[in-house]
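These notes are about the structure you will find just below.
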Number of protein chains: 2
Amino acid sequence: MSEDLGSVLHARGLRLTPQRERVLAAVRGLGHATAEEVAARLDAQDASGAGAVNPSTVYRALSLLEELGLVARTQLDRPSPSFHAVEHADHLHLLCGSCGAVDEVPAGLAAGFAADVLREHGFRLDTRHLALRGRCAACRTDVAGPPAGDHHPSEAS
Amino acid sequence: MSEDLGSVLHARGLRLTPQRERVLAAVRGLGHATAEEVAARLDAQDASGAGAVNPSTVYRALSLLEELGLVARTQLDRPSPSFHAVEHADHLHLLCGSCGAVDEVPAGLAAGFAADVLREHGFRLDTRHLALRGRCAACRTDVAGPPAGDHHPSEAS
DNA sequence: GTCCGTGCAAAGGTTTTGCAACCAA
DNA sequence: TTGGTTGCAAAACCTTTGCACGGAC
């Protein structure tokens, strides 16, 4: 996996550094995370002797990894963009507006819908980066119903 | 239209002010806009003698209008949230990742898809706030194809 | 006249940028 | 050794907040 990173960097005359490896690993481990969350995880690893990574380095690494196509940026409902590894990318995000959970489902589920949109509007959906808002099963049963706009702070593991 | 705003405000003991009217009008006129874009439009009207509105007032008005249910907040691909009038709400956003255009299509188009997601994952999609990324008809024909991540700055009228 | 709303200015938090030292190749 | 990278600190950015004046009712 990490050899992949090394080659891709090398191919562009860029360098494989521990920070970049660690940022990529953190994104893979977290599933979905903002730059801040990635930095926090790396800070935590610092306690285990791995060494912290400066926030600005995290931002730079994420942008680079995005450009290299190893990581993708998605706007979930937080103001800050979230990142996820692209190997991990062929899925839709289901964002619960109530508890904040982020679930994933196979992109194939939207294939029929995407075909409709293409046929009727000429628009080709990128089903690998879909973020869909709504209410998850747990929250639907919890609060049986109607009201819309409450946002609980929460964590997506 | 604006009488609606007056009544809704009045019902809560709040006041109808020119700034609030103008912010709502700007959102309706723009279709989709960030707070900053709304402020910019109001600034432009200033030249026509309408008077500018302070940015902080724009932010407060947008939050209030959202709370009143007259305006909805959506995360498009910009870091800042976008707002649109709710009369205008029963649609999906089709966001072109290439030219930045925001198109709209009836929410009904996703009804079948939403039913699938609900049945298979217990997740109830909010089809009124869907932002879908992809590539619009114009860009698909322009650049016949493959590369993914270029973002042209652009305007959604 | 009362109280809500506005404008201004300052604070808040996140992301970006400049620069010298550092280290991967 | 060479030039890409890092860390630090300062800047830039958008958004929120406090407060006194002004205006809607």
Side-chain angles (χ1 to χ4, degrees), chain A residues 2-3 5-24 26-27 33-43 45-46 50-68 71 73-83 151 153, chain B residues 2-3 5-24 26 33-43 45-46 50-68 70-71 73-83 151 153:
Chain A
S2 295
E3 294 189 348
L5 176 56
S7 337
V8 176
L9 286 169
H10 195 92
R12 295 213 190 184
L14 302 175
R15 292 177 187 171
L16 177 60
T17 66
Q19 289 88 341
R20 288 171 176 171
E21 282 187 302
R22 207 164 314 138
V23 166
L24 180 54
V27 171
T34 62
E36 212 182 348
E37 289 164 342
V38 169
R41 159 168 281 211
L42 297 177
D43 271 356
Q45 294 179 351
D46 189 26
V53 177
N54 189 283
S56 59
T57 300
V58 172
Y59 283 105
R60 285 186 280 221
L62 287 171
S63 296
L64 177 63
L65 292 171
E66 182 187 17
E67 198 183 318
L68 295 175
V71 152
R73 184 188 305 244
T74 312
Q75 280 292 13
L76 302 186
D77 66 346
R78 314 220 155 179
S80 306
S82 296
F83 295 85
H151 288 256
Chain B
S2 295
E3 294 190 347
L5 176 56
S7 338
V8 176
L9 287 168
H10 195 92
R12 295 214 190 183
L14 301 175
R15 293 176 187 170
L16 178 60
T17 65
Q19 288 87 341
R20 287 172 176 170
E21 282 187 302
R22 205 164 317 138
V23 166
L24 180 54
T34 62
E36 212 180 346
E37 289 164 341
V38 170
R41 159 168 280 212
L42 297 177
D43 271 357
Q45 294 179 352
D46 188 24
V53 177
N54 189 284
S56 59
T57 300
V58 172
Y59 282 105
R60 286 187 278 223
L62 286 171
S63 296
L64 177 63
L65 293 171
E66 182 186 18
E67 199 184 316
L68 296 175
L70 296 174
V71 152
R73 183 188 306 243
T74 311
Q75 281 292 13
L76 302 187
D77 67 346
R78 316 221 153 182
S80 306
S82 297
F83 295 85
H151 288 254

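Every chain is numbered from 1 and lettered A, B, ... according to where its sequence line falls, protein lines coming before strand lines.
- Atom pair A:Y59:OH and D:dT6:C1' shows a separation of 17 Å (rounding to whole Å applied).
- Here the side chain of A:R20 is nearest to one of D:dT6, C:dT6, D:dG7, namely D:dT6.
- Separating the CZ atom of A:R15 from the C1' atom of C:dA25 is a distance of 6 Å, rounded to the nearest angstrom.
- With values rounded to the nearest 0.5 angstrom, B:S63 atom OG is found 5.0 Å from B:R73 atom CZ.
- Distance CZ (A:R12) to P (D:dT5): 11 Å, rounded to an integer number of Å.
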Worksheet item: What's the verdict on side-chain contact (heavy atoms from CB on, under 4.5 Å) for A:R41 and A:Q45, showing C-alpha distance, side-chain angles and the deciding distance?
Response: CA-CA 6 Å; A:R41 159 168 281 211; A:Q45 294 179 351; 4.0 Å; yes
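- Rounding to the nearest 0.5 Å gives a distance of 7.5 Å between CD of A:Q75 and OG of A:S82.
- One interatomic measurement links the two molecules: CG of B:L62 to P of D:dC14, which rounds to 15 Å at whole-angstrom precision.
- The CD atom of A:E37 sits 10 Å away from the P atom of C:dT15 (whole-angstrom rounding).
- Picking from D:dT5, D:dT15, C:dC4 the nucleotide with the shortest atom distance to the side chain of A:T17 gives D:dT5.
- Side-chain contact check for B:L65 versus B:L5: some heavy-atom pair is nearer than 4.5 Å.
- Side-chain N/O atoms of A:S56 include none lying less than 4.0 angstrom from OP1 or OP2 on D:dC8.
- Mapping B:G13 and B:V58 onto DNA chain C via the closest heavy atom, the residue that lands nearer the 5' end is B:G13.
- Phosphate contact (OP1/OP2 of D:dG7, side-chain N/O of A:T57, threshold under 4.0 Å): present.
- Contact check on B:R78 versus B:E36 returns no salt bridge, with no Lys/Arg side-chain nitrogen under 4.0 Å from an Asp/Glu carboxylate oxygen.
- As a whole-Å value, the separation of B:L64 CG from D:dT16 P is 13 Å.
- Following rounding to the nearest Å, B:H10 (NE2) and D:dC25 (C1') show an atom-to-atom distance of 8 Å.
- Residue A:E36 places its side chain closer to C:dT14 than to any other of C:dT14, C:dG18, C:dA24.
- For B:Q19 and D:dG22, the CD to C1' distance is 11 Å, given to the nearest whole Å.
- No side-chain heavy atom of B:L16 sits under 4.5 Å from any side-chain heavy atom of B:H10.
- Taking the side chain of A:A35 as heavy atoms from C-beta on, and the options C:dT15, C:dA25, C:dG7, the nearest nucleotide is C:dT15.
- Phosphate proximity of D:dC8 to A:N54: present, with a side-chain N or O under 4.0 Å from OP1 or OP2.
- Defining each end axis of the helix from C:dG1-D:dC25 to C:dA25-D:dT1 as the rotation carrying four pairs' C1' atoms onto the next four, with five pairs an end, the two axes are found to diverge by 40° to 10 degrees.
- The side-chain heavy atoms of B:L64 and B:L9, taken from C-beta on, include a pair separated by under 4.5 Å.
- For A:R60, taking side-chain heavy atoms from C-beta onward, the closest of the listed nucleotides D:dT5, C:dT17, C:dG7 is C:dT17.
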